[in-house]
There are 2 protein chains.
Amino acid sequence: MGTPTIGGTRYKEVKNAMLAALSAQEWKGGEAIPSEKRLAERFGVSIGTLRKAIDELVADNILVRHQGLGTFVSQHQRDRHFFRFFRIVRQDGDKTYPTVSLVSFRKAKATREIAAMLGTEPNARVFTFVNRLALHGETVMIDNIAVAEARFPGLTEAALRERPSTLYNFYQDSFHINVVGTEERLRVATADDAESKLLEVPHGTPLLEVRRVAYSYHHAPVEVRISHVNTARYEYVGPSASHEEPL
Amino acid sequence: MGTPTIGGTRYKEVKNAMLAALSAQEWKGGEAIPSEKRLAERFGVSIGTLRKAIDELVADNILVRHQGLGTFVSQHQRDRHFFRFFRIVRQDGDKTYPTVSLVSFRKAKATREIAAMLGTEPNARVFTFVNRLALHGETVMIDNIAVAEARFPGLTEAALRERPSTLYNFYQDSFHINVVGTEERLRVATADDAESKLLEVPHGTPLLEVRRVAYSYHHAPVEVRISHVNTARYEYVGPSASHEEPL
DNA sequence: AAGTGGTCTAGACCACTAC
DNA sequence: TAGTGGTCTAGACCACTTA
């Protein structure tokens, strides 16, 4: 193979070559990639080795296999792994999809903090917008979101408002950016004026703050999101740290 | 093989047989299991198939491989995956091991809620104890812990106090119980009288509440823990939802 | 040097999906 | 029926650890 990246082993080389192809949008979100046999020939490895590379990409949630159908570039929402990124559930455990509405949208310069998290230069231009999320008809969560203008050229309030699906799906379809992972930090914060109105709680009510950075391939930062959650009736589901299937 | 559990495929059967051997304490925490060659012969499968079973057990954090040395039953603390279970870090990202001190210990009947989480019958006898955790010399977190008496026969305050290592390591060494996964729910709570004294904050100060159930093999509940964290200078690190290694 | 896990091969057969 | 991924084999050679 062309060894686009030097990896210690054959299958890592194959994995990196496939990540490169994904970054170059040779295969786009939702599309099927070539069959294992064809890819094995293309990269000059046996099917077993090719499978090991794909195994890791599947473990990373970058690809999805469907027996008898093919292997596909992960798509958000449609793949029902929506709740991997949306972790707020009712305290009785009930999971529902949130109703999202856009509260504000503007262009701005990144604060030092946001720039650092986005990995851009300080003062880079960013789009910032605020979403209100409701569950069971009740506003539960306010998201403050920032993305780099350079990565989302031509993003408009109208496009955001009219997106047919989830935000990460919109990033994928309209900007060919695949969110494949996130990192989150949680702490307690309090409701400011705007939030107390939207959430219908008194000013200063303690809220759960979730600071998230979303990443694409190669851990490249895509989006920064600071969420404030009213946990009176809802809560955040943390990591499960085990994948053992029930018998 | 003896098919102790019916699994659709050979490697799942092998995996279940190995889980059974682990539950039966044939291989104990920290010990090496037999070599791949020997295990392949024992279960009557090829090495490749045996490896696939072990692959999953490693992915579940139940086994750990060391090239040239062997495959071992996961040990807490010693394996440095301590921070998989301890998720509180300073807001600047600094990670340190907590200093733990036992505040109280007693036998009691489980509340309905605790019994449900522990999977015991209502009113089952439990041990409940409280730990105070300090980071950088500052008390940051109070843990309220409950375990079933039936699973921890003869547990005493002295044994707890004198344990040489982490709690989960103590469970492993003294009761042969391996914690392999957790589930956590987070919300905002407030400091009660006892907590406000220990954490040196005013009564009613909002705290981050983490409700955790720890599981052993086959998702069997082992321990329930309700933690209250002062997030003024510390925070909770959430799931990362991606395992892609940096290049 | 001997023993371990890590990688890799070149197939085989099965189960599922679409036509 | 043809094409796909899912499982499985029976080896080979390499890299690492211990002695």
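In the text below, chain A, chain B and the rest are named by the order of the sequence lines, each starting its count at 1.
Contacts of Arg163(A) classified as side-chain contact (heavy atoms from CB on, under 4.5 Å), with partners at least two apart in sequence or in another chain: Val100(A), Asn131(A), Leu160(A), Leu167(A), Phe170(A). Here Val179(B) pairs with His76(B), Phe85(B), Tyr168(B), Tyr171(B), Ala214(B), Val222(B) under the side-chain contact (heavy atoms from CB on, under 4.5 Å) rule; sequence neighbours left out. For Phe72(A), the side-chain contact (heavy atoms from CB on, under 4.5 Å) criterion is met by Ala32(A), His66(A), Leu69(A), not counting sequence neighbours. Considering only residues two or more places apart in sequence or on other chains, Thr99(A) meets the side-chain contact (heavy atoms from CB on, under 4.5 Å) condition with Ala134(A).
In this structure, Lys37(B) reaches neither bases nor backbone, as no heavy-atom distance under 4.0 Å exists between it and the strands shown.
Reading DNA chain C from its 5' end, the first and the last nucleotide to sit under 4.0 Å from a heavy atom of chain A are dT7(C) to dA18(C).
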When you compare the protein's N or O atoms with those of nucleotides 15-19 of chain D, which come within less than 3.5 Å of each other, and at what distance?
from: dA15(D); atom 1: N3; to: Gln67(B); atom 2: NE2; distance (Å): 3.1

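Side-chain contact annotation: Asn61(B) with Ser74(B), donor-acceptor N/O pair under 3.5 Å absent.
Ring geometry for Tyr236(B) versus Tyr236(A): interplanar angle over 60°, hence perpendicular rather than tilted (30 to 60°).
Checked for salt-bridge contact, Lys12(B) and Glu56(B) meet the test: a charged N lies under 4.0 Å from a carboxylate O.
Toward the 5′ end of DNA chain C lies the nearest nucleotide of Thr71(B), the other residue of the pair Ile47(A) and Thr71(B) mapping further downstream.
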*Under the side-chain contact (heavy atoms from CB on, under 4.5 Å) rule, what do Leu118(A) and Val126(A) come out as? Steps first, then yes or no, please.*
CA-CA 10 Å; Leu118(A) 275 178; Val126(A) 293; 4.0 Å; yes
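Rounding to whole angstrom units, CD of residue Glu41(A) and P of dT4(D) are separated by 11 Å.
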